[in-house]
Amino acid sequence: MGRRSFAPSPPELLVDCEGDSLVMRPGRSYSVGRDPLSDIVCTDPRVSWRHAVLRPAERGWTLEDTGSTNGTYADGQRARLVGPVPVGPGSVLRFANPDDGPRATLSSTPSPPAPAVPAPAETPSATGAFRQPTSVRPLPVRTLRIGRAAGNDLVVDDLVVSRAHAELRALPGGGHEIVDVGSHNGTYLNGQRVQRAPVRPGDIVGVGHSAFRLVGDELQEFVDTGEVSLTVQELTVAVDGGRRTLLDQVSFPVGEKCLLAVVGPSGAGKSTLLGALTGLRPADRGTVLYDGRDLYRDYAELRQRIGLVPQEDILHVQLSVRRALGYAAELRFPGDTGRAERLSRVAEVVADLGLRERVDQPIHSLSGGQRKRVSVALELLTKPSLLFLDEPTSGLDPGMDRSVMHMLRGLADDGRTVIVVTHSVLSLDVCDRLLVLAPGGRIAYYGPPQDALPFFGFTQWPEAFEAFEGDVGRDWAARYRASPLCREYITDAMEVRRPAAAPAREIAAPRKPQSWNSQLRTLVRRYTAVLSADRTFLAIMVVLPFVMGAMARALAGARLTPNTAMNALLLLCVGGVLTGAANAVRELVKERVIYRRERAVGLSRSAYLLSKVVVLGAVTVAQAVVLTMVGLVGVRLGVKGGAAGLPPLAEMTVTVALLSFTAMMVGLLISALVRKEEVTMPLLVLVTIVQVVFCGALLTLHGVPGLNQFSWLVPARWALGALAGTVDLHRIVPGSVTADPLFRHSLGAWALDVAMLVVLSAAAGLVVRALLRRREPAIMRG
């Protein structure tokens, strides 16, 4: 292997418009734009959402416009017109306007001093709370293998780490590089996921809950044991073009093993704060420090250490506790994790949360408090250091409310930082800190819970909330900022500040898992188990095709006649549409909360959708076969061969199966489109009526402008055409309706009808995938 060479370090980029600076390092590009996820954020409205990018070149850097509206300028030269522009020390960049647009200057960075071995207390903030190394070993002479298996040189006992995870290799010319060897959850360098990258002294290599740092001739290991702090600095979130503020410069510290409750009246910004703290909806301005590490910049790595329990259940309630947690473990742990390892971890969290006696009980039969414990158990599978909960006691009686809060107190005492957003004030005394948000997303109080009501001058919390809503002219935030409590619990306690020259990191959506096939298999098995456990759904699936088939048979009689043929074929189409669409119309909307959470921890969008298509498709096709056989077996169809040359009954079975499958895809489309499950049934009725009216059985559509073109989007239109072509319906029932070219008894017409059903199915699938993406928070769209 020849000696490797690396591009020289690029210059420092000062963003004057934001009063911030960062150091650009080779090995990655740096984005510029109004998107808060950009490395260099410019809030000027003239700047595009994704405006430009600075890329490392062989001997320096280039500036490239990425399709901005108002242009990018380097020393007065517009980059968009001439392509990438070389830039270097002394370059002046302007975004959106060459005269008064946001300005950035480039200058050289001083050469770093030779690395020294710092004292444990001087460990850089990138390692967070890991002040003292868990272990120290000499740097490898050749290759150091890192993984969970016992045969590695450095064994990491962590289920989110793959058996063979990464290798730290010594380079022939000196130095080291880190190489990911096909891990499931990724290898990270300074918070950014990498496959192969040089490692310099002081860089942080992240593997699961462990971090490694090169110091002198040693490799230091730091293990995240869960005792982490959180520092929130001036978080601001605005909507409607900045006209309405949801969070207004919110700052507070959260110590290790702390239980923090966030309360406030409706509309105070509690859910917005939760989204900003978890990274699912990053703040427009401000910083969240995970033990000194910028959560937004290192989100790709740190998101694995964050657990989030939404208000709604995030498990399939038809399954038992054991099976639900078992499937979740399969999706979250590497594919090389053995079944015994997964079950052992499930047993641990079940025992920790007092669910051992309920482990084989269906989740829907548990009490509200027990169901919330199961949701918490799911998040604890991967041993998160930060645990967030959104309204965990909503709908619970006072006894259950207190039980859940005491459970959270125990989780914090065991070595986690727990933040709970709640409307309940019954058990605030078990918390270490209380954050009260006033309308407008401003801090009205932060400190010990017992001091809150005396500070406000009330004896009961309802009085305080009424004052927040009624006394709109009172500046609650200003009163708190001027108080000794603010100085004691926020100003003096926030000792950690954002490093001015910290490496920038973009917030990356969950990458496509390497075990896509494994995810698909798990999702198919889980979905099959869920459907099998739903006895009502099973009964409907079994009965519906028999009922619709019997009705079609009653209309058809012994043979197709001018009086019965059209009605029999129409009922077959209606039956196919109903069975297919009814199967799928609720399946995505009812799982939306589950999907959003699983997507945030690495679920593949395409694997999820395909699992629905595979399972529901198999069920739907089986129903279509039953429907056709019950409706047509024994009926004289009047033709010896179908339009495509197949036996007429087989040809019609294929057509009904394709129609049912297409209707199932339309059902998924409806389910992805609506916001509430209650809306799906009226839409199912509407879709069925549209199929009846525009299938061509009741109206003459061919040659009628507008109606004919609209009918092309109706699956039953093409299915009826294929069925009519198979039995040569125009021969049985002469007339203007049956003279439709799509009804011809020919291979070409039948093939067109069938092909259009396939096209409509594929189109519906693409739209469903896009709708799934739209329903995800921006951070998860990849």
Side-chain angles (χ1 to χ4, degrees), residues 159-160 225-227 256-261 305-333 339-432 449 533 593-594 597 601:
L159 285 183
V160 301
T225 59
E227 298 182 6
E256 300 173 7
K257 302 172 67 173
C258 177
L259 174 57
L260 167 67
R305 307 182 194 180
I306 297 174
L308 172 62
V309 181
Q311 183 175 346
E312 300 90 345
D313 290 322
I314 52 176
L315 289 162
H316 293 87
V317 297
Q318 301 91 339
L319 302 178
S320 68
V321 174
R322 189 193 307 274
R323 293 190 75 182
L325 294 179
Y327 285 125
E330 285 189 51
L331 291 172
R332 297 194 179 198
F333 292 143
R339 183 172 183 271
E341 292 177 294
R342 293 195 303 269
L343 292 180
S344 175
R345 181 56 190 156
V346 169
E348 286 180 25
V349 297
V350 164
D352 290 344
L353 294 174
L355 293 168
R356 188 173 291 166
E357 301 300 322
R358 310 287 184 182
V359 70
D360 293 313
Q361 190 171 331
I363 296 174
H364 67 78
S365 66
L366 301 177
S367 67
Q370 291 167 343
R371 288 169 69 163
K372 189 58 63 178
R373 287 174 180 264
V374 177
S375 293
V376 173
L378 183 149
E379 292 301 312
L380 294 184
L381 286 172
T382 54
K383 299 183 179 180
S385 303
L386 279 176
L387 182 62
F388 295 88
L389 300 99
D390 187 9
E391 300 289 354
T393 60
S394 177
L396 302 183
D397 61 60
M400 285 292 184
D401 181 303
R402 191 157 186 84
S403 173
V404 170
M405 292 302 292
H406 275 279
M407 173 193 69
L408 300 181
R409 173 73 269 168
L411 292 176
D413 292 338
D414 287 342
R416 299 176 187 88
T417 300
V418 182
I419 299 177
V420 53
V421 172
T422 181
H423 277 105
S424 175
V425 294
L426 298 177
S427 303
L428 296 180
D429 58 300
V430 305
C431 301
D432 299 298
V593 176
I594 298 174
R597 182 62 197 136
V601 295

| request: Flag the pair R373 / V376 as yes when at least one side-chain heavy-atom distance between them is below 4.5 Å, and no otherwise. | output: no
| field | Contact check, side chains of K383 and V160, non-hydrogen atoms, under 4.5 Å | value | no
| message | Ignoring hydrogens, what is the shortest heavy-atom contact between S375 and V309? Give both atom names and the distance. | response | CB-CG1, 3.8 Å
| message | Are T393 and L426 packed together at the side-chain level, in the sense that at least one heavy-atom pair is separated by less than 4.5 angstrom? | response | no
| For the residue pair E379 and G307, what are the closest heavy atoms and their distance? | OE1-CA, 3.2 Å
| field | Pairwise side-chain contact, I363 with D313, heavy-atom cut-off 4.5 Å (strictly under) | value | no
| field | Heavy-atom pair of closest approach, residues K257 and D413 | value | CE-O, 3.3 Å
| said: Within the 4.5 Å heavy-atom criterion, are V601 and R597 side-chain neighbours or not? | reply: yes
| query | Looking at side-chain heavy atoms only, is the closest gap between R345 and F333 below 4.5 Å? | reply | yes
| remark: V349 and A377 have their tightest heavy-atom pair at CG2-O, 4.0 Å
| Can we say E391 and K372 salt-bridge, meaning some charged N sits less than 4.0 Å from an Asp/Glu carboxylate O? | no
| query | Please walk me through it: do R409 and D429 pass salt bridge (Lys or Arg N to Asp or Glu O under 4.0 Å)? | reply | CA-CA 10 Å; R409 173 73 269 168; D429 58 300; over 6 Å; no
| So do the side chains of V321 and L366 get within less than 4.5 Å of each other, counting heavy atoms only? | yes
| At what distance, to the nearest 0.5 angstrom, does CG of L325 lie from CG of L315? | 6.0 Å
| What's the shortest heavy-atom distance between V421 and P392, and which atoms? | O-CD, 3.6 Å
| query | Which heavy-atom pair separates V418 from L408 by the least distance, and what is that distance? | reply | CG2-O, 4.2 Å
| said: Run V350 and R322 through side chain to side chain contact (heavy atoms under 4.5 Å, CB included) and show every step you take. | reply: CA-CA 9 Å; V350 164; R322 189 193 307 274; over 6 Å; no
| Salt bridge or not for R323 and D360, using N-O below 4.0 Å? | no
| field | Flag side-chain contact, heavy atom, 4.5 Å: L380 against D352 | value | no
